[in-house]
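Have a look at the structure below before the remarks.
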Amino acid sequence: MATTAPLRSPRPLGDTRRWAAPGSKSADLFARAQGVMPGGNTRTTVYMAPYPPYAASGEGCWVTDVEGDRRLDCLNNYTALIHGHAHPAIVEAATRRLALGASFPLPTPEEIELAALLCERLPSAERVRFTNSGSEAVMMAVKGARAFTGRPKIAKFEGAYHGSYDYVEVSLGSTPENWGSLAAPASIEYSRGTPPAVLEDVVVLPFNHAEHAVARIEREARHLAAVVVDPVPNRIGLMPARRDFLQALREVTDRLGIVLIFDEVISFRVGYHGAQGAFGVTPDMTTLGKIIGGGFPVGAVVGRADVMSVFDPTGGHPRAPHGGTFNANPVTMAAGLAGMRLLTGDAYARLDETGAKLRASLAACFEHAGVRGGVTGMGSLFRLHGTDREVTDYRSAHAAPDEAARLQRIVRGLLEHGVLMSITGLGCLSTPMGDAELESLVETFAAVLAMEGGQTLTS
Ligand SMILES: Cc1ncc(COP(=O)(O)O)c(C=O)c1O
């Protein structure tokens, strides 16, 4: 992949276990954190037992922890940092803007620039509203769809993650014991104490099963404001949606006057025109986050002008009022613009090509090591599984205890040997990654699998 940021010459990935030793700096920090945060943690996603290494700095595709150990960053803050860490153009844009003031109770020109870029790239984007996170973007899209249709319920897919808004958390963690039938999956609380009314107002659908999903949408249509779908849903197994499945959702929502929302908080990574461009299906609204903020907190709801008019304050009280102290703050906007401008069609093409090669190499490693496992993904995204069965939906992706344990050992092995990935097996590429880094990644992966297969890992 072409190098867009200065890279240190790659080092072989080695032993990065110092954080785990008793008395390490990370151990001390975690002990201190436990006195001031529940479980020493302020972001559930980044917790790992018994405690995580603490980050000190990042440069390009490398992250250095507080012990001084360096890892290849294959997670990029959960896919947000598509140009890796501290890209000079993004640092320059953000610091230049920061020196002029961080936020104002007035709009700034930068928000128009980034909104215009999104309108130019995303087929569904005629108007844009910025938020500070993907969760807020999804919340506002749902509220916007309710305001547009005057209907209370939403439909979402079993196992799909859309952030922490009550309604979209429903059935995020369904299990074989409680998930119900495939035709009509049960609405299961994720956070204890979720009001029953929330569960009643969320219709849960099976991902990649067009017939069941359409039938359920038709049955619930007169109460449904929106169908929310992530076209490349990480928590469902990072299996891309079938195109005909997305087309079926488009057809039924069009026919029944339901707002189709694509959650592209992650999947904007898969194409210059988003997943919607790649699949050739245009939703009414799209939620964004992560890569559009250049590494700063961000989110956005974009959509068709008539739907987005629910947020328009010019005629008086909008149908869906939307505040937010830091919405479209100019530092995020400037950093986001710099990052998105670097993300040219060529940059996407290189990421796609490298992603496809990497997924094939990792799958070959599983086969070669004789370890049961698999790799899914699209574009610059990949996900490891502790099973070799075909993953097509939430239920087939759902890991049995031995599969989950295998994946956990593999990811832990990678963490201990110079590779940072999600504990759930999610990984992604960044533009500063070159061939040497990716070769080291595959070599390290093969070595970790050899260890899983019973051989000794030398580093
Ligand atoms: C598909 C999807 N939607 C929404 C969100 C929520 O975004 P944020 O973490 O910025 O609130 C995420 C976060 O990972 C996501 O993956």
Side-chain angles (χ1 to χ4, degrees), residues 41-47 74-82 122 124 129-145 154 156-173 190-191 202 207 226-241 246 260-271 274-276 278-279 283 285-303 322 324 326-329 332 335-336 339 376-383 394 397 421-428:
N41 174 270
T42 185
R43 182 180 176 193
T44 314
T45 328
V46 303
Y47 176 70
C74 294
L75 190 49
N76 297 291
N77 196 12
Y78 278 82
T79 77
L81 306 172
I82 201 159
L122 280 166
S124 67
R129 301 281 297 190
F130 287 107
T131 63
N132 297 291
S133 68
S135 293
E136 276 176 65
V138 172
M139 177 177 74
M140 290 317 302
V142 167
K143 292 175 77 169
I154 63 158
K156 58 97 55 178
F157 288 87
E158 185 176 58
Y161 182 67
H162 302 287
S164 42
Y165 185 40
D166 286 357
Y167 292 85
V168 291
E169 267 189 354
V170 172
S171 296
L172 168 55
Y190 185 64
S191 206
V202 178
F207 185 74
V227 172
V228 185
V229 62
D230 177 346
V232 193
N234 167 39
R235 295 279 271 269
I236 292 186
L238 204 69
M239 204 52 220
L246 292 178
L260 181 62
I261 302 172
F262 275 13
D263 181 350
E264 294 221 31
V265 167
I266 288 185
S267 71
F268 195 9
R269 249 187 182 261
V270 307
Q276 54 202 263
F279 286 102
M285 289 174 123
T286 304
T287 55
L288 303 170
K290 306 213 190 240
I291 63 167
I292 68 163
F296 287 82
V298 78
V301 192
V302 310
H322 169 218
F326 296 106
N327 287 0
N329 73 80
T332 295
T376 53
M378 182 174 177
S380 58
L381 298 164
F382 62 98
R383 184 167 173 135
Y394 179 64
M421 281 187 62
S422 144
I423 50 168
T424 57
L426 173 68
C428 63

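Hydrogens, waters and symmetry mates play no part in the numbers below; they use all other heavy atoms, side chains included. As the structure lists them, so they are numbered: ligands from 1, and atoms in each ligand from 1.
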Contacts for ligand 1, heavy atom under 4.0 Å, by chain and number, are Ser133, Gly134, Ser135, Tyr161, His162, Gly163, Asp230, Asp263, Val265, Ile266, Lys290

CZ (Phe326) and CG (Asn132) are apart, to the nearest 0.5 Å, by 7.5 Å

**Asked** Are Val138 and Asp263 close enough that some pair of their side-chain heavy atoms sits under 4.5 Å apart?
**Response** yes

Distance col, row Cys428:SG vs Tyr78:OH, nearest 0.5 angstrom, shows 10.5 Å

Salt bridge (charged side-chain N to carboxylate O under 4.0 Å, His left out) filter on Glu158, not counting sequence neighbours, yields Arg395

One should read off an interatomic distance between Asn76 CG and Lys290 NZ, to the nearest 0.5 angstrom, of 11.0 Å

Taken to the nearest 0.5 Å, the spacing of Ile236 CD1 from Leu172 CG works out to 9.5 Å

